[in-house]
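Structure, as structure tokens:
First the proteins, then the strands, lettered A, B, ... as listed; each starts at 1. Side chains included, hydrogens not; waters and symmetry mates left out as well; all remaining heavy atoms used.
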Protein chains: 2
Amino acid sequence: MTSTQELTKNQALVFNALARAEGPLSAYTILDQLRGEGFRAPLQVYRALDKLLDYGMIHRLESINAFVACSHPHNHSHSHGMTAFAICEKCGQVSEFSDEVITGRVREWTSENGFRQSKTTIEIRGVCANCAAA
Amino acid sequence: MTSTQELTKNQALVFNALARAEGPLSAYTILDQLRGEGFRAPLQVYRALDKLLDYGMIHRLESINAFVACSHPHNHSHSHGMTAFAICEKCGQVSEFSDEVITGRVREWTSENGFRQSKTTIEIRGVCANCAAA
DNA sequence: ATCGATATGTGATGTTATTACATTAGTCAA
DNA sequence: TTGACTAATGTAATAACATCACATATCGAT
Ligand SMILES: [Zn+2]
Ligand SMILES: [Zn+2]
Ligand SMILES: [Zn+2]
Ligand SMILES: [Zn+2]
């Protein structure tokens, strides 16, 4: 499930909406953008989003109830490790990065505490370099 | 603003609801618990929550839209640094911890990228040791 | 052709959070 | 004490986010 070709119609529409967006989009923003394509109900968006999350093609930003296309170009097959997001509160731009040290420390804590980790959210809110300069 | 004595009536009611709870509570759960005390509208809860967040007495768990009392006993005056939460999806128990290494790595990334950090969310979802054993 | 699995369409409902406006209670200086 | 200011509160309405329930369609394998 690695290329946009293998997606269903709705999944492809939702993914493309996210891929061409400058920043994160809410489910309802996506819905509105796709009304022209025949979308009428939230579930059409949420179902596609769920699949795209499964496939690792998009991420959900918990702190702003929004979704972004994964910035790792192609090859989403390997569910990539712990990812952190820096979210600009001025312009909405999102930077995605992985850090082995952070990943390692989280794993240490979980194994020391017998915690069976399933998903980890790391989101840094603030102002990006561009917006800070302006 | 360090003791529950200095809180307003509504703030104290909301804080006590969180403090005596086993795990995180949603705003509407708090509202329902406080109907007996005269609470009638969401805003009574949200306004108190906002203040308690300001004072550093509680935390918001972004990934589950819920709130928990800070587990650092007393002295919330110093807004404590970057905090991580391990949230059990079975029993709801939350463990709060700080990690210098993670804090340091996040700061490195932000300073390298000129990102002016304001708030950082670290939430580990999974199953706690107790629940994993059961 | 039939069946099962996956995807879709649609309305209603549930959950979380904010806006807008009116009122009340504390603070402090004139 | 009054007036003026700020913080806190009460309330209804609405907005924003997400899911449930049920019907229909599409597709591949037998
Ligand atoms: Zn990614
Ligand atoms: Zn920016
Ligand atoms: Zn804390
Ligand atoms: Zn547990």
Can you see if the side chain of B/Thr8 gets near the phosphate of D/dT9 - specifically, an N or O under 4.0 Å from OP1 or OP2?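 Looking at the OP1 and OP2 atoms of D/dT9, one of them is under 4.0 Å from a side-chain N or O of B/Thr8.
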Length of the line joining [X]:[atom1] and [N]:[atom2], which is rounded to integer Å:
| X | N | atom1 | atom2 | value |
| --- | --- | --- | --- | --- |
| A/Leu34 | C/dT8 | CG | C1' | 14 Å |
| B/Arg35 | D/dT11 | CZ | P | 11 Å |
| A/Leu31 | C/dT8 | CG | P | 15 Å |
| B/Lys51 | D/dA7 | NZ | C1' | 7 Å |
| A/Asp32 | D/dA16 | CG | P | 10 Å |
| B/Glu6 | C/dG26 | CD | P | 16 Å |

Tell me, which pairs form a ring-ring contact (aromatic ring centres under 6.0 Å, His included) where one or both residues lie in residues 25-49 of chain A, sequence neighbours left out?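 Every candidate ring-ring contact (aromatic ring centres under 6.0 Å, His included) pair involving residues 25-49 of chain A fails, so no pair, neighbours aside, qualifies.
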Determine which pairs satisfy ring-ring contact (aromatic ring centres under 6.0 Å, His included) with at least one residue from residues 111-134 of chain A, sequence neighbours left out, and list them in order.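 For residues 111-134 of chain A: none.
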Can you check each nucleotide of nucleotides 9-21 of chain C against protein heavy atoms at under 4.0 Å and return B for base, S for sugar-phosphate only, - for none, in 5' to 3' order? BB-----BBBBB-
Quick one, A/Val14 with A/Leu49, criterion side-chain contact (heavy atoms from CB on, under 4.5 Å). Give me CA distance, side-chain angles, the key distance, then yes/no. CA-CA 7 Å; A/Val14 168; A/Leu49 289 170; 3.7 Å; yes
Residue pairs involving [range] (criterion salt bridge (Lys or Arg N to Asp or Glu O under 4.0 Å); sequence neighbours excluded):
| range | answer |
| --- | --- |
| residues 17-34 of chain A | A/Asp32-A/Arg35 |
| residues 120-133 of chain B | B/Glu89-B/Arg125 |
| residues 103-113 of chain A | A/Arg105-A/Glu108, A/Arg105-B/Asp99 |

Running the 4.5 Å side-chain criterion over Ile, Leu, Val, Met, Phe, Trp and Tyr, what cluster does A/Leu61 land in, apart from itself?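 Same cluster as A/Leu61: A/Ile64, A/Val68, A/Phe85, A/Ile87, A/Val94.
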Could you pull out all residues at least two apart from A/Thr29 that satisfy side chain to side chain contact (heavy atoms under 4.5 Å, CB included)?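 Partners of A/Thr29 by the side chain to side chain contact (heavy atoms under 4.5 Å, CB included) criterion, ordered by chain and then number, come out as A/Leu25, A/Ser26, A/Gln33.
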Using both pair distances under 3.5 Å as the test, note the stems of at least 3 consecutive Watson-Crick or G-U pairs that include DNA chain C.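 The stems that DNA chain C takes part in, listed by first number, are C:1-30 with D:1-30.
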